[in-house]
Amino acid sequence: MNNARIAEVFDQIADLLEFQDANPFRVRAYRNGARTIRDYPEPMTVVLADADRKLTDIKGVGKDLAEKVAALCAGETLPLLEELQSQVPESALMLMRIPGMGPKKAAAVFHELGVSTLDQLREACQAQQVRKLKGFGAKTEETILAGIGLAETIDVRMTWAQADQFARSIKDWMRDCEGVEQLEVAGSYRRGRDTIGDLDFLVVSNQPQQVMDRLAAFPEASLIGRGPTKISIRLADGLQVDMRVVPEKSFGAALQYFTGSKDHNIILRGRAKERGLKINEYGVFRVEDDEETFEAGRTEEEVYATLDLPWFPPELREARREFDWAAAGSLPELIDVGDLRADLHMHTTETDGKATLDEMVAAARKRGLKYIAITDHSKRVTMARGLDAQRLRTQWKEIDKVNDKLRGFRVLKGIEVDILERGGLDLDDDVLSESDWVVASIHYGQNQSRADITKRVVDALANPYVSAIAHPTGRLINRRPPYEIDLAAVYDAARKHHKMLELNANPARLDLDDVACAAAKSRGIPIVISSDAHSAEGFGVLRYGILQARRAGLTKADVANTRSLDAFLKLVAKGRG
DNA sequence: GCCGTTTTCGGCCCGACTGTTTTCAGTCG
């Protein structure tokens with residue numbers, strides 16, 4: 001039972017409790033616990049096995065949740081979960097995914113109409129049964145009918161890079177609008193999450209109607225709702241866009257509020273209360289005898305300062321460790337894309353890349369990088385025409401020639417060697433020993449058992465010539481889940497052999513993800529942020545990797561490819577023993 | 001269900017918008 005599965009169980013309990021209209025704070029306790037455990041850098045089983053530590057020392061895990069974690073880790077079932085499941089069918093939870101349907105309305109159709117699936121609800125709406133219920137009407141019935149289709153498909157969150165395209169086109173669209181004094185994208189986009197559910201725009205203007213008219217006219221968008229200061233639309237492909245218009249003196253408070261995360265904000269408001277303050281999207285107010293006086297709101301710095309807090313980079317606002325860091329005065333100075341001096345995973349036309357060695361070198365130099373590693377595929381990856389020993393050595397001779405001509409730039413002789421299904425590497429040690437840099441990765445046998453996949457990777461890390469594991473979980477966002485792998489065992493092996501782990505910057509990969517990177521960092525394992533570029537433009541993805549690294553709290557020092565070539569090669573040499 | 005330099009009970013962030021209502025509950029972020 002790993003942390004992710006425990007978190008899933010707690011989220012499921014929260015869903016079921018919510019459907020039953022349980023105490024909302026109890027629901028939150030389960031969600032909080034789920035999030036805390038999902039983000040926790042060590043497996044719960046490790047904490048349980050340690051006699052000196054208690055689960056209840058983890059903030060958000062009390063006596064009750066601790067017992068449930070222990071039960072789950074012991075392979076037991078939870079009586080509470082079984083009881084809830086016997087009362088609420090799994091399919092009924094889908095009802096709450098319809099926009100506008102919360103726990104109250106879902107429970108009403110379930111109990112009073114016996115509706116427990118989306119299909120049954122569609123029929124009930126078409127038979128005009130729903131509008132007869134108390135609190136429902138014809139309009140609600142229409143909204144539900146329109147929303148059922150969304151509930152069936154809305155599960156997909158787009159990658160940050162995809163959302164970025166929409167954010168840019170909306171920014172362009174709004175640029176011509178008079179009355180827009182300032183415009184920012186807030187929400188999970190600003191926090192740099194790997195996936196984005198909707199876009200939140202914040203505008204400073206004293207002509208809110210005009211601004212909202214402009215957004216409402218966005219091509220092929222439909223209106224979800226609109227009030228005096230807030231508008232929501234849905235773009236043709238389903239993405240929801242919210243916009244809020246605030247006066248200038250509230251801009252910082254509103255930006256802070258709409259950037260979130262929700263959990264970060266809840267903690268903030270709790271702190272405000274302790275100080276006799278109130279925070280909302282309009283500012284920070286001192287509350288005395290029912291009188292509210294404006295204290296701050298123009299900038300985010302101002303808002304945080306009223307709570308004796310530093311400004312937090314948006315990527316850290318996840319209610320993970322940022323408040324502890326602030327209290328200790330040890331907020332990390334996050335890595336920036338300009339800190340990268342190298343890119344250590346890329347392909348050329350020798351295998352499945354679209355650019356030649358020379359073109360990749362030129363593109364890397366243009367970007368300001370100081371060194372790169374060419375890591376084409378090895379022979380097992382037949383689809384990409386992977387390299388055998390002979391072709392690899394030929395490529396390395398070419399690289400020698402290129403290096404002879406270059407000043408102030410170096411190309412490392414590398415390879416992305418496949419970790420074979422049966423274990424072991426796709427090229428022999430005598431070839432690998434002639435390289436400067438080897439990344440190993442899994443392409444085949446992704447459906448193997450957790451034990452098998454973990455062993456393949458751990459064994460690869462033990463090979464003296466392997467310096468790093470590339471895309472260590474193999475996930476492709478919205479297309480393929482991560483393979484079953486015991487990352488804790490991978491961290492142990494990496495630390496033991498002085499190896500590195502990759503954060504693959506491809507926006508659909510981004511593995512190790514933010515949580516895993518933070519866990520690796522806490523064990524002192526250097527991270528390599530790599531583009532996995534297959535073209536000259538491929539280096540552009542590095543910024544997505546940087547966003548995840550920042551979310552993990554990584555500094556320049558935590559990332560190996562921020563180092564000078566000499567320092568980097570020393571790190572590689574350490575792993576080669 | 002969690003938490004505590006206002007501790008073991010009584011809190012738990014806060015406001016906009018919609019639809020069904022005549023003053024507000026439910027939902028959302």
Side-chain angles (χ1 to χ4, degrees), chain A residues 10 13-14 17-18 21-36 55-69 78 80 95-109 130-144 147 154 186-189 191 196-202 208 212 223-233 240-246 250 253-254 256-285 287 292 303 307 319:
Chain A
F10 286 174
I13 293 176
L17 284 172
E18 192 171 36
D21 200 21
N23 177 349
F25 299 107
R26 189 179 172 207
V27 175
R28 187 200 290 173
Y30 276 102
R31 291 210 196 284
N32 233 341
R35 190 176 51 83
T36 303
L55 286 174
T56 48
D57 292 338
I58 301 170
K59 208 167 155 55
V61 178
K63 182 167 165 290
D64 196 278
L65 291 191
E67 280 171 11
K68 289 188 168 67
V69 170
L78 300 183
L80 171 65
L95 301 176
M96 287 194 294
R97 304 223 317 228
I98 299 168
M101 286 271 278
K104 294 271 171 31
K105 287 199 162 73
V109 297
V130 173
R131 65 178 65 184
K132 293 177 186 164
L133 299 176
K134 189 171 188 298
F136 291 75
K139 195 78 186 262
T140 308
E141 208 172 60
E142 279 172 37
T143 313
I144 290 172
I154 211 163
S188 52
Y189 174 88
R191 300 201 309 279
I196 303 294
D198 59 16
L199 285 175
D200 299 295
F201 281 83
L202 183 65
M212 289 191 288
L223 187 68
I224 297 173
R226 177 172 177 167
T229 63
K230 186 184 163 185
I231 177 169
S232 297
I233 63 170
Q240 182 170 334
V241 178
D242 300 324
M243 182 176 282
R244 210 39 198 276
V245 188
V246 298
S250 298
Q256 192 290 314
Y257 179 63
F258 291 109
T259 297
S261 67
K262 188 178 170 182
D263 296 304
H264 177 92
N265 285 355
I266 286 173
I267 292 173
L268 225 56
R269 275 142 221 277
R271 283 179 75 114
K273 226 167 206 185
E274 288 168 9
R275 288 167 169 72
L277 299 170
K278 186 178 83 172
I279 303 186
N280 57 30
E281 55 266 56
Y282 300 108
V284 182
F285 300 86
V287 187
E292 290 182 4
V303 171
L307 305 176

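All chains are named by letter (A, B, ...) in the order of the sequence lines, taking the proteins before the strands, and each is independently numbered beginning at 1. Everything numeric in this text was worked out from a predicted model, so none of it was measured.
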With rounding to the closest Å, how many angstrom separate the [atom1] atoms on [N] and [M]?
N: B:dA25; M: B:dT20; atom1: C1'; answer: 9 Å
N: B:dT5; M: B:dG1; atom1: P; answer: 23 Å
N: B:dC14; M: B:dC9; atom1: C1'; answer: 24 Å

- Query: Going by heavy atoms closer than 4.0 Å, what residues in residues 274-285 of chain A are next to DNA chain B?
  - Reply: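 Output list: A:K278, A:I279, A:N280, A:E281, A:Y282.
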Give a yes/no answer on whether the side chain of [X] brings an N or O atom under 4.0 Å of OP1 or OP2 in [N].
X: A:R131; N: B:dG19; answer: no
X: A:T229; N: B:dG15; answer: no
X: A:T140; N: B:dT20; answer: yes

Pick out the pairs of N or O atoms, protein on one side and nucleotides 23-25 of chain B on the other, that lie under 3.5 Å.
none

- Task: Please lay out, stage by stage, how A:L80 and A:I13 fare under the test side chain to side chain contact (heavy atoms under 4.5 Å, CB included).
- Result: CA-CA 8 Å; A:L80 171 65; A:I13 293 176; 3.9 Å; yes
- Task: Indicate yes or no for a side-chain donor-acceptor contact from A:R131 to the backbone of A:F136 under 3.5 Å, with no hydrogens or angles considered.
- Result: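 Such a contact is absent between A:R131 side chain and A:F136 backbone.
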- Query: Where the side chain of A:N32 meets the backbone of A:G60, is there a donor-acceptor pair that is under 3.5 Å apart?
  - Reply: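 Looks like no, no N/O pair under 3.5 Å.
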- Message: Which is it for B:dT7, anti or syn, if anything within 90° of zero counts as syn?
- Response: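 B:dT7: syn glycosidic orientation.
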- Message: Please name the nucleotide paired to B:dT8 by Watson-Crick or G-U wobble geometry with both distances under 3.5 Å, or report none.
- Response: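 Result: none.
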